[in-house]
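A quick note: this is a predicted structure, and the numbers were derived from the prediction, not measured. Throughout, protein chains are lettered first and strands after them, A, B, ... in sequence-line order, and every chain is numbered starting at 1.
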Amino acid sequence: MSRLQPARGTSDLLPDAMAAHRQVITAAREVSARYGFQEMATPIFEFAEVFSRPLGDSSDVVTKETYNFTDRGGETFTLRPENTAGVVRAMISNGLTQSLPLKFFYAGPMFRYERPQKGRMRQFHQIGIEFLGPRDGLADAEIIACGARVLSDLGVLDKCKLHLNSLGDTDSRQAYRSALVAFLERHADDLSDDSQARLKTNPLRILDSKNAGDRDILVDAPRLDAHLNAESAAHFKAVTTALDAAGIKWEFDPLLVRGLDYYCHTAFEFITDALGAQGTVLGGGRYDGLSEMLGGPPVAGVGWAAGVERLAMLAGDVPVGVPRVAVMSAEPDADSTAFALAEAVRAAGIAVDLPSGGNIGKRMKKADRAGIRYAVILGGQELANGTVQLRDLGEGAQQEVAQTDLVARLLGIIGKGDGAMKSDES
RNA sequence: GCGGGUGUAGCUCAGUCGGUUAGAGCGCCAGUUUGUGGCACUGGAGGUCGCCGGUUCGAAACCGGUCACUCGCCCCA
């Protein structure tokens with residue numbers, strides 16, 4: 001702490017990192033809009049119960065990963081570790097249950113007190129969608145298709161595999177749970193310590209244990225899909241049929257169990273092996289009981305969230321935008337005219353830098369190194385003539401242009417609507 | 001919360017067996033170039049060797065602690 005540094009597990013988003021984040025968020029925003037989702041935002045902190053009730057007292061997220069604080073009024077709050085509960089709370093708070101179905105997109109920071117690793121931060125960023133209202137499997141398929149499309153637009157879909165499972169409805173899950181516990185209790189002594197604890201608190205979680213010994217035992221365990229009742233099986237069939245019809249590839253993963261208690265029926269994850277230990281890039285499922293857990297009316301829902309940092313790492317770097325034009329005066333007498341010209345060009349929608357300091361050579365050098373393509377140079381000669389020198393720093397060509405023609409000339413070269421903060425590829 | 005690895009210039013990294021003045025490349029600044037960038041050459045700035053303590057005549061190096069990053073466990077986005 002002797003040196004000034006950000007809090008553990010947090011990081012600054014300098015322009016390079018911000019550009020990588022922005023491409024992810026922009027792609028997700030654009031794709032989800034194409035599927036009819038509307039952007040919204042909830043506060044980054046909520047009353048603690050908003051998260052503690054629905055996520056489950058035995059979930060790791062609640063038991064050891066939340067940031068909690070008490071404010072001056074004595075209320076206890078939690079920094080949101082995920083956003084589904086907040087969105088459903090917002091639906092209830094705003095009386096939107098009268099306007100179902102609802103399709104929401106969100107993007108923003110989440111907070112979990114975890115040991116940081118590559119792709120795992122204490123403050124991280126998620127994008128996500130929530131589809132509230134419909135109970136049918138087509139809705140599940142639609143959000144999965146939307147997620148696949150986001151990954152595809154980012155060029156990372158071929159690095160990911162879609163794992164799919166059904167947790168069934170409450171009856172199916174309870175029937176399975178009993179069968180699983182009965183089986184696992186016969187092997188309790190051979191289970192890992194973690195799994196022995198989960199046997200009492202949340203036995204389904206044992207299914208996705210990575211412990212080799214646990215996995216050996218699980219080979220002979222009863223299968224969840226064999227315990228689905230007719231309605232649950234039909235729901236899952238509707239989802240997979242729709243995915244197949246759209247040509248979306250998926251793998252049945254009977255061991256996929258997601259960490260939060262509110263999930264039912266469909267559970268899915270897009271998984272990659274390109275990010276070390278952090279395999280999940282986008283994950284979600286159905287949460288028909290969540291609204292009631294929060295004290296609202298029964299409202300079905302299905303959605304997913306994706307990690308912006310992880311997607312940004314998969315998608316790779318993107319160039320940071322720089323202005324296209326630098327206007328520079330070669331002597332102090334021309335400064336105010338150069339300033340006015342810069343303003344006129346900016347008013348036309350073209351991004352302009354106005355370098356200062358050093359002589360004209362230094363300014364040219366800085367502009368060139370920054371990747372600025374066009375230099376507008378204004379010296380005593382030009383000031384007297386009412387002209388400027390317009391120099392193409394890419395080709396080295398230079399021409400004299402009347403000041404009154406400058407905006408039109410630049411628009412002709414750069415093009416309308418293409419002037420703001422574009423990095424030059426050539 | 002548990003285990004392993006790593007912290008030297010803005011960045012990437014050297015630094016021998018513990019030895020006196022800690023280096024390189026890139027980047028940055030300046031000059032060669034008093035109205036013009038890239039290329040080249042020359043010069044310069046920049047270091048509490050992560051931090052605290054210990055061992056020693058002497059520590060960037062060895063030991064302990066601590067902080068951070070990183071890989072894995074766990075968990076998830």
Side-chain angles (χ1 to χ4, degrees), chain A residues 1-11 14 16 24 28 55 59-65 81-84 107-128 147 160 192-195 197-198 202 205 208-212 214 256-260 269-272 275-284 304-314 326 328-331 334 355 357-383 388-398:
Chain A
M1 196 80 79
S2 60
R3 191 173 169 147
L4 211 49
Q5 58 194 0
R8 188 172 197 196
T10 69
S11 76
L14 298 180
D16 281 341
V24 170
L55 300 195
S59 74
D60 285 337
V61 169
V62 164
T63 53
K64 55 188 188 190
E65 293 179 2
E82 57 97 45
N83 206 24
T84 301
M110 308 293 160
F111 305 86
R112 293 183 196 175
Y113 185 86
E114 294 190 274
R115 177 126 177 206
Q117 271 182 41
K118 185 190 189 97
R120 199 173 75 178
M121 306 287 288
R122 289 182 172 179
Q123 175 176 337
F124 62 105
H125 298 80
Q126 284 189 334
I127 51 175
C160 301
S192 65
D193 292 347
D194 283 332
S195 289
R198 284 188 288 228
N202 195 348
R205 302 253 48 200
D208 62 8
S209 170
K210 287 180 192 167
N211 180 280
D214 289 352
L256 172 62
V257 182
R258 293 183 52 77
L260 309 178
E269 293 183 347
F270 284 89
I271 294 172
T272 182
L275 292 178
Q278 274 61 245
T280 304
V281 155
L282 183 154
W304 54 254
V308 175
E309 283 83 356
R310 293 181 185 180
L311 284 175
M313 278 190 282
L314 281 182
M328 52 193 92
S329 70
E331 50 192 84
N359 57 31
I360 188 78
K362 305 267 184 280
R363 297 183 192 183
M364 291 281 285
K365 188 177 213 165
K366 275 187 177 161
D368 183 51
R369 290 196 180 176
I372 294 173
R373 178 65 184 268
Y374 300 100
V376 173
I377 302 152
L378 187 65
Q381 187 87 32
E382 289 77 18
L383 195 59
V388 295
Q389 299 295 331
L390 175 56
R391 185 174 181 81
D392 183 332
L393 295 179
E395 295 178 2
Q398 181 168 319

- Message: With rounding to the closest Å, how many angstrom separate the C1' atoms on B/U55 and B/G64?
- Response: 11 Å
- Task: With sequence neighbours left out, write down each residue that passes side-chain contact (heavy atoms from CB on, under 4.5 Å) with A/L390, or none if nothing qualifies.
- Result: A/Y374, A/V376, A/Q399, A/V401, A/R409, A/L410, A/I413
- Message: Are A/F124 and A/R112 packed together at the side-chain level, in the sense that at least one heavy-atom pair is separated by less than 4.5 angstrom?
- Response: yes
- Message: At 4.0 Å (heavy atoms only), tell me whether A/M110 reaches a base, stays on the sugar-phosphate, or touches nothing.
- Response: nothing
- Residues that A/E269 engages under salt bridge (Lys or Arg N to Asp or Glu O under 4.0 Å), provided they are two or more places apart: A/R258
- Of A/Q117 and A/G9, whose nearest nucleotide on RNA chain B comes first from the 5' end? A/G9
Each nucleotide N or O in nucleotides 33-36 of chain B that has a protein N or O under 3.5 Å away: list the pair and distance.
from: B/G35; atom 1: O6; to: A/Q381; atom 2: N; distance (Å): 2.9
from: B/G35; atom 1: O6; to: A/E382; atom 2: OE1; distance (Å): 3.4
from: B/G35; atom 1: N1; to: A/E382; atom 2: OE1; distance (Å): 2.4
from: B/G35; atom 1: N1; to: A/E382; atom 2: OE2; distance (Å): 3.0
from: B/G35; atom 1: N2; to: A/E382; atom 2: OE1; distance (Å): 3.2
from: B/G35; atom 1: N2; to: A/E382; atom 2: OE2; distance (Å): 3.1
from: B/U36; atom 1: O2; to: A/R391; atom 2: NE; distance (Å): 3.3
from: B/U36; atom 1: O2; to: A/Q398; atom 2: OE1; distance (Å): 3.1
from: B/U36; atom 1: N3; to: A/Q398; atom 2: OE1; distance (Å): 3.0
from: B/U36; atom 1: N3; to: A/Q398; atom 2: NE2; distance (Å): 3.2
from: B/U36; atom 1: O4; to: A/Q398; atom 2: NE2; distance (Å): 3.1

- Message: Just so I know, are the side chains of A/R373 and A/E395 near enough to count as touching, which here means a heavy-atom distance under 4.5 Å?
- Response: yes
- Message: Side chains of A/E309 and A/V24, heavy atoms from C-beta outward: is any pair under 4.5 Å?
- Response: no
- Query: Contact class for A/G128 vs. all strands (heavy atom < 4.0 Å): base, sugar-phosphate, or nothing?
  - Reply: nothing
- Query: Can A/Q126 and A/E82 be counted as having a side-chain donor-acceptor contact under 3.5 angstrom?
  - Reply: no
- Message: Tell me every residue that passes side-chain contact (heavy atoms from CB on, under 4.5 Å) with A/P109, counting only those two or more places apart in sequence or in another chain.
- Response: A/I44, A/R80, A/F111, A/Q123, A/H125
- Task: Send over the distance from A/E114 CD to B/G72 P, rounded to a whole Å.
- Result: 14 Å
- Does A/L282 or A/K118 map to a spot on RNA chain B nearer the 5' end, using the closest nucleotide for each? A/K118
- Report the distance from atom CZ of A/R112 to atom C1' of B/C76, rounded to the nearest whole Å. 6 Å
- Using the P atom on both, measure B/A60 against B/G23 and round to a whole Å. 14 Å
- May I ask which nucleotide in the shown strands pairs with B/C57, Watson-Crick or G-U wobble, both distances under 3.5 Å? B/G19
- Task: To the nearest Å, give me how far apart CZ (A/R122) and P (B/C67) are.
- Result: 11 Å
- Message: Ignoring hydrogens and geometry beyond distance, is the side chain of A/R120 in donor-acceptor contact with the base of B/C74 at under 3.5 Å?
- Response: yes
- Item | Heavy-atom pair of closest approach, residues A/A367 and A/A326 | CB-CB, 4.0 Å
- Task: Determine which nucleotide pairs with B/G25, using a 3.5 Å limit on both distances of a Watson-Crick or G-U wobble pair.
- Result: B/C11
- Task: Measure the shortest side-chain to side-chain distance between A/R115 and A/R8 over non-hydrogen atoms and say whether it is less than 4.5 angstrom.
- Result: yes
- Return the nucleotide paired to B/A40: Watson-Crick means purine N1 to pyrimidine N3 with N6-O4 or O6-N4, wobble means G-U with N1-O2 and O6-N3, both under 3.5 Å. B/U32
- Do A/E382 and A/I377 touch side chain to side chain, with heavy atoms closer than 4.5 Å? no
- Message: What is the separation between atom CG on A/L14 and atom C1' on B/G10, rounded to the nearest whole Å?
- Response: 12 Å
- Query: Of the nucleotides B/A77, B/G1, B/C69, which has the atom closest to the A/Y113 side chain?
  - Reply: B/G1
- Interatomic distance at P, B/C11 relative to B/G47, whole Å: 13 Å
- Item | Nearest-angstrom distance from the residue atom CE of A/M121 to P of B/C71 | 12 Å
- Message: Would you measure the distance from the P atom in B/A40 across to the matching atom in B/G27 and give it in whole Å?
- Response: 9 Å
- Item | Atom C1', compared across B/G25 and B/A14: separation rounded to whole Å | 10 Å
- Query: Taking CD from A/Q5 and P from B/G7, how many angstroms apart are they, rounded to a whole number?
  - Reply: 17 Å
- Task: Round to the nearest Å and state the distance from A/L256 atom CG to B/A77 atom P.
- Result: 11 Å
- Item | B/G18 to B/G54 separation - C1' atoms, rounded to the nearest Å | 15 Å
Please list, pair by pair, any protein nitrogen or oxygen found under 3.5 Å from a nitrogen or oxygen in nucleotides 26-30 of chain B.
from: B/C28; atom 1: OP1; to: A/R369; atom 2: NH1; distance (Å): 2.9
from: B/C28; atom 1: OP2; to: A/R369; atom 2: NH1; distance (Å): 2.5

- Please say which of A/M364, A/K366, A/K362 ends up in a side-chain contact (heavy atoms from CB on, under 4.5 Å) with A/M328. A/M364
- Is B/U66 paired to anything, Watson-Crick or G-U wobble with both distances less than 3.5 Å, and if yes, which nucleotide? B/G50
- Residue A/A305, side-chain atoms from C-beta onward, closest of B/A77, B/G1, B/C76: B/A77
- For A/R8 and B/G7, give me the distance from atom CZ to atom C1', rounded to whole Å. 14 Å
- Task: Quote, to the nearest angstrom, the P distance that separates B/C51 from B/C67.
- Result: 15 Å
- Give A/R115 one of three labels, base, sugar-phosphate or nothing, depending on what nucleic acid heavy atoms sit under 4.0 Å from its own. base
- Residue list, side-chain contact (heavy atoms from CB on, under 4.5 Å) with A/Q381, at least two apart or on another chain: A/N385
- Can you tell me how far C1' in B/G50 sits from the matching atom in B/G7, rounded to whole Å? 6 Å
